[in-house]
A.B. asks: 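Got a structure for you, written out below as structure tokens; questions coming shortly.
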There are 4 protein chains.
Amino acid sequence: MGEHRGDTRARIQAVALELFAEQGYEKTSLREIAERLNVTKAALYYHFKTKEDIVVSLFDDQLGRLDELITWGREQPATQETRQELVRRYADQLYASGPGLMRFAHENQGTMRDLAVGEKLKSRMKGLRELLIDPKAPLTDQLKSAMAPFTLNIAHFAFDDYDITDEERRAAGIAVALELVSGSPHTDA
Amino acid sequence: MGEHRGDTRARIQAVALELFAEQGYEKTSLREIAERLNVTKAALYYHFKTKEDIVVSLFDDQLGRLDELITWGREQPATQETRQELVRRYADQLYASGPGLMRFAHENQGTMRDLAVGEKLKSRMKGLRELLIDPKAPLTDQLKSAMAPFTLNIAHFAFDDYDITDEERRAAGIAVALELVSGSPHTDA
Amino acid sequence: MGEHRGDTRARIQAVALELFAEQGYEKTSLREIAERLNVTKAALYYHFKTKEDIVVSLFDDQLGRLDELITWGREQPATQETRQELVRRYADQLYASGPGLMRFAHENQGTMRDLAVGEKLKSRMKGLRELLIDPKAPLTDQLKSAMAPFTLNIAHFAFDDYDITDEERRAAGIAVALELVSGSPHTDA
Amino acid sequence: MGEHRGDTRARIQAVALELFAEQGYEKTSLREIAERLNVTKAALYYHFKTKEDIVVSLFDDQLGRLDELITWGREQPATQETRQELVRRYADQLYASGPGLMRFAHENQGTMRDLAVGEKLKSRMKGLRELLIDPKAPLTDQLKSAMAPFTLNIAHFAFDDYDITDEERRAAGIAVALELVSGSPHTDA
DNA sequence: AATGAATGAGTATTCATTCAT
DNA sequence: AATGAATGAATACTCATTCAT
């Protein structure tokens, strides 16, 4: 008893993220989270108003950083260099947040739609996509650009049976994402 | 009364797929499915042993066709042409099953992991991936190949705000998937 | 096991009324009701959609009869005789429903306001009151008329320590209610 | 900050009475009260030992005054004049306490029974009733006398849709209560 | 081919209360 | 005079599943 003090809120977030990523949001019960922390369910409610509120808190930082990224992108010229830099910065943010959040968002896409925070995240991703896409390019090139953000996720999960480091996965992901966003050799004539 | 006869099983599948795709597997209750069909929950249990069993039945055809595709692929030489044909045939299968199944699998990835059918599907996708990938190619090229199947899904959902037809989406998806699977100009020396 | 068949719904109503009247609606939990009936809580939900729904079902007949009474009253001339007959018929209805419902409504007035059925009952009582009141009479006479329905309730609870029969209570209640509704000897000049 | 000092106890009472009257005792939570006052729940516990204790404090003055009234009544001769004076004094007390307490007691009769203070109030009301009733009078007259205290409450709530002042309501209530307590023209011979 | 009735285990959420600081 | 953190017990309600008919 009394081993932890003041950090309960953070511990709830950590355990919740872990379990949400591992088993999904719906299938993770507050009882489970509470038990892992050796607190009562009611204690969770002291720190968060609802179950959804925990998720909101998890995405809060990430959303803020995404906003900044998009704002930055909008101020830049709509060039290939900008798009490449956007991919690089987005990758940095993604890896900074740790793998849990990525996985959570990836595997709970259905659930996220019902959560308010899901809508927010989706609108940010759309904002990012619009910056990555050259609207005058052919549809196939636009699709490739739209896929760039996914690439980073997929790179992480696709080669789970390969004997390579996370660093290699990451490098491959960024390389492909950059290529996808760079379009055909000469977009304009 | 008596409007439907003998087709109850199929009607259950149709409604279940619709609801699973729309709201997710966990959040769709058997009560909901039963109510939409004007039957009792117990009737569902006459036709399917469990809730999961409904999902299994939904993927049954798809899995069978995937098996055939993989078997076919294994008999072909591991050339770029084979890989491109695999992409084309996979796309045909995907579009033949309608958009519901695609969406279901895409948005419920977390849930699928717990379902036996999810494991099966995943192992098939891995089999397909192995055929699409040239193990001697650089990691980035391998990643691009691995992404090809995803491309078809993403093509469908990424441009929901564009004013284009499903046919155009599909064409773009296949084009990009083919490109991804085709690797760099000269894979071998 | 299996002692009762087909009557579960009615047994739930009986026990619920008993407990609601005895302890109040809020303080009576579904667990309590279920335990007294030796069924699970879920069984209650098979028969009633919500806790409030149980109350609704309890008042259903009563409300219907009240409606009929008011309809009848509106077709009669607005005379003292009509008002007296309304009181008599209302009393009959009240006593027919048994004492539980009376007591429930009386002691849970606050709660009833939040329940939809409470609003309905209140509007019926207002309809009845309007028939009992002579709008041209002095305010004090109107108040006396408005009190008539309460009289019947009060007669039941006021003399709980007297050694008299329910029949005597009832007779006294009706007598006073009739007097209250009859106004001053000569209302008009 | 620092707007109120020393008056917290009184502010708790005021808000509690308001909410109890508005929503009922059971349905008003201490959290709600605390939030309205911008204090924590624990602060309430500094001023009151339990939730019930808040109610007790609300009725304290009222109970004391009722005691005095009854003591006074017992010292008077059991005449009609005494009874009328009891009604007048009781009305004064009731109106002095404001409408909240009246309404609280009226709408939470069920709840009051479980609270110790409810028993106390009930016993006082019985004491008052005994003074208002002439035990030698016919049962109907006794019932009318017993109703007198209720009249004052009913007068307040019955005509909520009338366009009259509280003062008029009050006057009518007292007038009818006096009449009820005065019995038939010639009670004795 | 289906229903009516029920269960057991679970869910998120709320509440009055406590206590060290 | 009050807070921050937490508890234990409760609540209404839902779900997948079962089974006799």
A.B. asks: Which parts of nucleotides 15-21 of chain F does protein reach within less than 4.0 Å, heavy atoms only, written one letter per nucleotide 5' to 3' as B for base, S for sugar-phosphate only and - for none?
C.D. replies: BBBBB--

A.B. asks: The criterion is side-chain hydrogen bond (donor to acceptor under 3.5 Å, both in side chains); which residues satisfy it with D:Glu18, sequence neighbours excluded?
C.D. replies: D:Arg36

A.B. asks: Just jot down the ring pair (Phe, Tyr, Trp, His ring centres under 6.0 Å) partners of A:His47, sequence neighbours excluded, or say none.
C.D. replies: none

A.B. asks: Is the shortest side-chain N/O distance from C:His47 to OP1 or OP2 of E:dG4 below 4.0 Å?
C.D. replies: no

A.B. asks: Tell me every residue that passes side-chain contact (heavy atoms from CB on, under 4.5 Å) with A:Leu17, counting only those two or more places apart in sequence or in another chain.
C.D. replies: A:Leu58, A:Leu101, A:Phe104

A.B. asks: What is the distance, rounded to the nearest whole Å, between atom CD of A:Glu35 and atom C1' of E:dG10?
C.D. replies: 12 Å

A.B. asks: Using the test side-chain hydrogen bond (donor to acceptor under 3.5 Å, both in side chains), find all partners of D:Gln109 that sit at least two apart in sequence or belong to another chain.
C.D. replies: none

A.B. asks: I would like to know whether A:Arg113 and B:Glu107 meet salt bridge (Lys or Arg N to Asp or Glu O under 4.0 Å); could you show each step before the answer?
C.D. replies: CA-CA 10 Å; A:Arg113 228 178 337 130; B:Glu107 296 198 350; 2.5 Å; yes

A.B. asks: Under the salt bridge (charged side-chain N to carboxylate O under 4.0 Å, His left out) test, which residues partner A:Arg124, sequence neighbours left out?
C.D. replies: A:Asp67

A.B. asks: With a 4.0 Å limit, can you tell me whether B:Tyr46 has a side-chain N or O closer than that to the phosphate oxygens OP1/OP2 of E:dA2?
C.D. replies: no

A.B. asks: How close or far is atom P of E:dT14 from atom CZ of A:Phe48, stated in whole angstroms?
C.D. replies: 16 Å

A.B. asks: Apply side-chain hydrogen bond (donor to acceptor under 3.5 Å, both in side chains) to D:Gln62 and list each qualifying residue two or more places apart in sequence or on a separate chain.
C.D. replies: none

A.B. asks: Quick check on E:dA1: is either OP1 or OP2 less than 4.0 Å from any side-chain nitrogen or oxygen of B:Thr8?
C.D. replies: no

A.B. asks: List in chain and number order the residues that pass side-chain hydrogen bond (donor to acceptor under 3.5 Å, both in side chains) with D:Glu32, two or more places apart in sequence or in another chain; answer none if no residue qualifies.
C.D. replies: D:Gln23

A.B. asks: Paired stems touching DNA chain E, three or more consecutive Watson-Crick or G-U pairs with both distances under 3.5 Å?
C.D. replies: E:2-21 with F:2-21

